Amino acid sequence: MTTTNNDLAVRLATEADAGPLIGVLADAFHDGPLADWLVPDPDDRRTVYHRYFTDAFHHGLEHGQVHTTGDQTAVAIWHPRLEPIPADTRDRLEALERIAGAYAPKFVLLEEVFDVFHPEEPHHYLAYLAVDPQRQNRGIGAALLADHHRWLDQHGLPAYLEASNMRNRRLYLRHGYTAGQTIVLPTEGPIIWRMWRGAPTANGRTPFPPTRPRRRSG
Ligand SMILES: CC(C)(COP(=O)(O)OP(=O)(O)OC[C@H]1O[C@@H](n2cnc3c(N)ncnc32)[C@H](O)[C@@H]1OP(=O)(O)O)[C@@H](O)C(=O)NCCC(=O)NCCS
């Protein structure tokens with residue numbers, strides 16, 4: 001398949017992109033140590049991931065920014081975190097039980113651990129970056145990242161994300177992120193690398209903020 005510049009032009013996604021982009025998210029995240037840990041059965045994973053990313057996509061449209069490419073083969077979901085957000089535990093717990101059924105406890109644990117170690121300094125949070133598995137390794141993920149990084153640099157804002165394996169960690173290191181303290185998920189879970197891309201300064205980028213686990217209530 002030939003790729004044109006229009007195919008790779010980054011734009012904001014809308015509700016009309018839901019079908020293809022939820023498919024890209026569910027397919028791209030289907031394999032890997034985090035997926036194996038969350039939903040070990042691959043058939044159940046397909047069902048649960050479709051529901052999970054349907055929720056994540058709509059949450060992104062409503063509360064954040066969802067970016068895609070002209071050909072809808074990639075998606076990035078960013079959430080501006082310009083001030084700390086309160087933990088909304090009871091509603092989220094119920095939503096995760098609806099989405100993941102018997103697998104909900106691990107999703108709850110994952111989100112709670114991510115939340116506890118989330119930096120409170122103002123930044124944009126890259127919740128998900130996914131490229132259609134048939135189109136990976138052609139620079140599409142890098143193009144989506146670079147597009148928003150340009151905007152963040154112009155506005156003097158850092159970025160934060162959790163990398164779920166060594167390979168995507170490498171991609172982020174190449175794009176100006178540094179790795180902070182890791183998270184090791186319990187019950188034989190995988191390692192997660194917390195990554196920070198500081199705001200530009202005259203002397204490089206602002207450093208990874210010190211790890212201060214957030215208190216949760218509710
Ligand atoms: C990670 C991902 C978004 C990168 O997009 P891409 O268009 O494939 O990447 P690019 O061509 O711009 O850059 C290539 C780099 O991406 C990373 N990458 C590529 N395929 C990957 C995959 N299946 N899993 C993890 N990282 C991958 C690697 O760092 C690769 O460089 P390398 O060949 O030196 O290892 C995409 O591969 C993907 O959707 N992977 C599965 C989901 C995922 O891991 N998302 C990130 C969550 S933190």
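Remember, it's 1-based here, ligands and their atoms both numbered in the order they're listed. Values below: all heavy atoms of this structure, side chains included; hydrogens, waters and symmetry mates excluded. Predicted model only: the values in this text are computed from it and were never measured.
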(request) Could I get the full list of side chain to side chain donor-acceptor pair (under 3.5 Å) partners for Y49, not counting sequence neighbours? (result) none
(request) Starting from atom 29 (O) of ligand 1, find the nearest protein heavy-atom neighbour and note its residue, name and distance. (result) R167 O, 2.7 Å
(request) Show your reasoning for whether salt bridge (Lys or Arg N to Asp or Glu O under 4.0 Å) applies to D153 and R197. (result) CA-CA 10 Å; D153 285 350; R197 182 176 187 273; 3.0 Å; yes
(request) Using distance alone, with no hydrogens and no angle criterion, decide if T201 and N203 have a side-chain donor and acceptor under 3.5 Å apart. (result) no
(message) Checking a contact table here: which protein heavy atom is nearest atom 42 (C) of ligand 1, and how many Å away?
(response) A28 O, 3.6 Å
(request) Name the closest protein heavy atom to atom 7 (O) of ligand 1, giving the residue it belongs to and the distance to 0.1 Å. (result) G141 N, 2.7 Å
(message) Less than 6.0 angstrom separating the ring centers of Y160 and Y177, yes or no?
(response) no
(request) Record the part of N165 in heavy-atom contact with ligand 1 below 4.0 Å; permitted values are side chain, backbone, both and neither. (result) side chain
(message) Taking 4.0 angstrom as the limit and counting only heavy atoms of A130, give me the atoms of ligand 1 inside it, by number and element.
(response) 39 (O)
(request) Using a strict cut-off of 4.0 Å, indicate which atoms of ligand 1 neighbour a heavy atom of I140. (result) 7 (O), 12 (O)
(message) Can you tell me how the ring of Y125 sits relative to the ring of H123, calling it parallel under 30°, perpendicular over 60° and tilted otherwise?
(response) perpendicular
(message) Would you call the rings of Y52 and F107 parallel, tilted or perpendicular, taking 30° and 60° as the class edges?
(response) tilted
(request) Take the angle between the ring planes of W78 and H124 and call it parallel below 30°, perpendicular above 60°, tilted in between. (result) tilted
(request) Kindly confirm or rule out an N or O of N168 lying under 3.5 angstrom from an N or O of ligand 1. (result) yes
(request) Return a yes/no value for R138: is any of its N or O atoms, backbone included, closer than 3.5 angstrom to an N or O of ligand 1? (result) yes
(request) Do me a favour and list the nearest non-hydrogen protein atom to atom 13 (O) of ligand 1 with residue, atom name and distance? (result) L171 CD1, 3.7 Å
(message) Need the ligand 1 atom indices (1-based, order shown) with element for anything under 4.0 Å from a heavy-atom of G139.
(response) 10 (P), 11 (O), 12 (O)
(message) Need the ligand 1 atom indices (1-based, order shown) with element for anything under 4.0 Å from a heavy-atom of E162.
(response) 48 (S)
(request) Look at atom 45 (N) of ligand 1 and say which protein heavy atom is nearest, naming residue and atom and giving the distance to 0.1 Å. (result) L129 O, 2.9 Å
(message) Regarding atom 48 (S) of ligand 1: of the candidates F29, Y172, Y128, which has the closest heavy atom?
(response) Y172
(message) Can you report which non-hydrogen protein atom sits closest to atom 14 (C) of ligand 1, along with the distance?
(response) N137 OD1, 3.6 Å
(request) Show the numbers, then the answer: is there a salt bridge (Lys or Arg N to Asp or Glu O under 4.0 Å) between R11 and D17? (result) CA-CA 11 Å; R11 64 168 172 84; D17 299 302; 2.8 Å; yes
(message) Looking only at protein heavy atoms, which one is nearest to atom 23 (N) of ligand 1, and what is the separation?
(response) Q136 OE1, 2.9 Å
(request) Could you tell me whether H148 and H67 have their ring centroids closer than 6.0 angstrom? (result) yes
(request) Could you identify which residues cluster with L12, counting Ile, Leu, Val, Met, Phe, Trp and Tyr as linked when any side-chain heavy atoms lie under 4.5 Å apart, either directly or through a chain of such contacts? (result) none
(message) Quick one about H118 and E120 (side-chain donor to acceptor, distance below 3.5 Å, no hydrogens or angles considered), yes or no?
(response) no
(request) Please report which non-hydrogen protein atom sits nearest to atom 12 (O) of ligand 1, along with the residue it belongs to and the distance in Å to one decimal place. (result) A142 N, 2.9 Å
(request) Identify which of R174, R135, H175, R170 has a heavy atom lying nearest to atom 30 (C) of ligand 1. (result) R174
